[in-house]
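Each ligand, and each atom within it, is numbered from 1 in the order the structure gives. On a predicted model such as this, the values are computed, not experimentally measured, just so you know.
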Amino acid sequence: MADTAKLVIDQNTYEFPLVKGTENEIGIDIKTLRGVSGGVITLDPGFKNTGSCESAITFLNGEEGILRYRGYSIEELAEKADFLEVAFLLIFGELPTKEQLEKFDADIKEKAIVDEDVKKIIDAFPKNAHPMGVLSSLTSALIAFNPSSVNVDSEQEMYRAIVKILAKFPVLVAWTLRKKQGLPLNYGSKSLGYVENVLRMMFATPDEDYKINPIIKDALDKLLILHADHEQNCSTSTVRIVGSSHAGLFASLSAGISALWGPLHGGANQAVLEMLEAIRQDGGDTKKYMAKAKDKNDPFRLMGFGHRVYKNFDPRAKIIKVAADQVLNDLGIEDPILTIAKGLEQEALNDEYFVKRKLYPNVDFYSGIIYRAMGIPVEMFTVMFALGRLPGWIAQWREMRLNKEPIGRPRQIYIGKNYRPFVEINKR
Ligand code: SDX
């Protein structure tokens with residue numbers, strides 16, 4: 001294969017180097033295009049054909065349904081690792097030794113207290129505030145209590161900011177839930193693991209010792225691993241571009257939370273449950289919703305289906321579907337919503353509209369069924385996605401900063417009015 005690409009514009013031929021990744025992906029390096037061509041740029045709404053960076057963190061193959069974190073398959077990590085181990089792998093590039101993981105865990109535990117004044121900010125929110133808006137605000141507010149999270153020009157300062165946010169974010173997640181439920185805002189325990197503390201902080205009540213259910217702990221650990229990173233998705237690209245202005249880690253994460261909130265992205269897990277619930281209340285009439293999803297005049301989409309990259313099964317959806325069956329069975333829960341979901345999946349997988357467009361269930365299609373079985377309210381589902389994605393956002397932000405990437409500033413093609421002289425108001 002040639003190592004350059006040629007572009008012909010009018011009578012001029014321009015040559016650009018080809019970049020080849022370790023999985024043989026090819027990119028055309030057009031860094032010099034505008035300069036050599038006298039101002040010509042590329043145009044690619046939604047960046048469907050455009051790479052924003054070279055990254056060593058996560059590899060996706062959408063055609064074959066492959067997902068790997070730092071070269072390890074998602075199937076093996078979901079089966080054999082725990083969430084903190086995967087967080088370390090994503091952020092620092094290698095699976096930790098026992099000693100490294102123990103130190104990481106201890107450093108995080110040291111920082112797991114949040115300034116009491118943050119509670120005054122939580123108090124100011126109405127109970128019905130959407131948890132994603134609360135979480136994004138609290139993450140940004142943490143900057144005021146941890147100003148050093150901004151100038152992270154040294155690896156040591158960056159490590160400190162990373163440990164702080166990994167420690168405090170689960171507290172904010174739990175407090176966001178407990179605020180809605182009118183429960184006291186509590187803390188974890190140094191005697192528990194990372195995911196066990198998430199469950200304890202979310203569900204412990206003041207009147208009894210909280211007992212960790214191993215089924216729920218294992219299911220949450222697996223869900224968080226499956227959500228931990230996903231290369232340059234919308235919210236991760238947001239974290240990278242905000243960080244590229246040298247805004248601090250916490251500010252970049254707060255922006256990423258807002259991007260994840262959208263129903264086309266992480267907000268889909270909540271939208272899937274609401275859709276399945278609507279179908280249930282409609283007597284299980286999946287055909288009506290399939291017709292709506294295919295009707296170009298209807299903005300409704302089959303939530304939890306389709307993906308920008310996966311044109312085959314989302315490997316995470318496969319794992320979560322099996323886990324959903326297992327968790328509900330182990331917990332002795334019969335959820336009609338799971339039956340409706342499976343029926344809808346079968347219909348879509350055999351429907352020409354979905355088959356032609358290669359629309360398969362994605363990570364959000366079954367995850368909410370497990371969250372619901374755990375007793376997590378539907379409006380908290382995307383918060384759980386954010387908790388899982390936190391290490392991925394951190395890893396991608398750190399890579400962008402260590403690579404000293406330039407500030408993200410796309411160009412545009414202007415299609416507005418040409419020059420026209422100002423008109424006084426009495427002449428308009
Ligand atoms: C996540 O990017 C990531 O990696 C994201 C994520 C991660 O881990 O970070 O994987 C998490 O965000 C998963 C996706 C969750 N979103 C949903 O489930 C919402 C429903 N899905 C769609 O909105 C859509 O599939 C997207 C947003 C996921 C992808 O949209 P694209 O790639 O921009 O595709 P498109 O909108 O151009 O759709 C192509 C065609 C269109 O039809 P035509 O114009 O060709 O006739 O497929 C249709 C679309 O109308 N289509 C759907 C559909 N998804 C796409 N039609 C009905 N139902 C759907 N869900």
Side-chain angles (χ1 to χ4, degrees), residues 44-52 55 57-63 65-69 74 78 86 90 132 223-240 256-276 279 286 288-320 341 344-345 347-349 351-369 381-382 384-393 395-396:
D44 187 20
F47 311 115
K48 294 191 176 187
N49 306 282
T50 299
S52 60
S55 177
I57 300 170
T58 291
F59 171 68
L60 302 188
N61 179 315
E63 285 62 38
I66 293 172
L67 170 57
R68 297 190 199 124
Y69 296 159
I74 194 64
V86 170
L90 283 167
M132 284 297 276
L223 279 170
L224 295 176
I225 289 171
L226 291 169
H227 285 82
D229 194 50
H230 215 239
E231 57 136 278
Q232 304 312 314
N233 58 83
C234 177
S235 54
T236 299
S237 299
T238 301
V239 169
R240 283 185 83 122
I257 295 165
S258 298
L260 186 72
W261 192 356
L264 295 188
H265 190 13
N269 59 13
Q270 174 177 344
V272 166
L273 242 292
E274 289 162 352
M275 171 185 74
L276 294 172
I279 293 173
T286 51
K288 171 179 161 188
Y289 287 81
M290 291 284 286
K292 280 170 64 70
K294 297 187 281 188
D295 177 356
K296 286 301 162 203
N297 301 318
D298 189 331
F300 174 79
R301 288 193 156 189
L302 203 61
M303 301 315 279
F305 260 78
H307 198 276
R308 172 61 57 76
V309 175
Y310 290 122
K311 300 308 171 192
N312 193 326
F313 242 91
D314 180 334
R316 302 166 298 175
K318 270 189 198 169
I319 298 169
I320 294 175
L344 200 54
E345 175 188 347
E347 276 193 57
L349 294 182
D351 182 287
E352 195 268 337
Y353 172 96
F354 287 84
V355 171
K356 186 174 144 225
R357 292 167 180 79
K358 300 184 178 179
L359 303 176
Y360 291 87
N362 59 49
V363 67
D364 293 310
F365 191 61
Y366 285 105
S367 55
I369 290 166
F381 287 2
T382 313
M384 301 313 288
F385 192 144
L387 180 61
R389 187 53 52 89
L390 180 64
W393 284 334
Q396 299 273 351

With sequence neighbours excluded, residues passing side chain to side chain contact (heavy atoms under 4.5 Å, CB included) with Asp298: Lys292, Asp295, Phe300
Contacts of type side chain to side chain contact (heavy atoms under 4.5 Å, CB included), residue Ala395, not counting sequence neighbours: Ile57, Leu90, Ile91
Ligand 1: protein residues within heavy-atom distance under 4.0 Å: Lys48, His230, Asn233, Pro263, Leu264, His265, Ala268, Ala293, Lys296, Arg301, Leu302, Met303, Gly304, Phe305, Gly306, His307, Arg308, Arg316, Tyr353, Arg357, Leu359, Asn362, Asp364, Phe385, Arg389
Residues, nucleotides or ligands: over 12 heavy atoms within 6.0 Å of Lys318 NZ: no
Polar side-chain atom of Asn312 near backbone of Glu63 as donor-acceptor pair, under 3.5 Å: yes
Asp364 side chain to Ala268 backbone, donor-acceptor under 3.5 Å: no
Any residue meeting ring pair (Phe, Tyr, Trp, His ring centres under 6.0 Å) with His227, in chain and number order, not counting sequence neighbours: Phe385
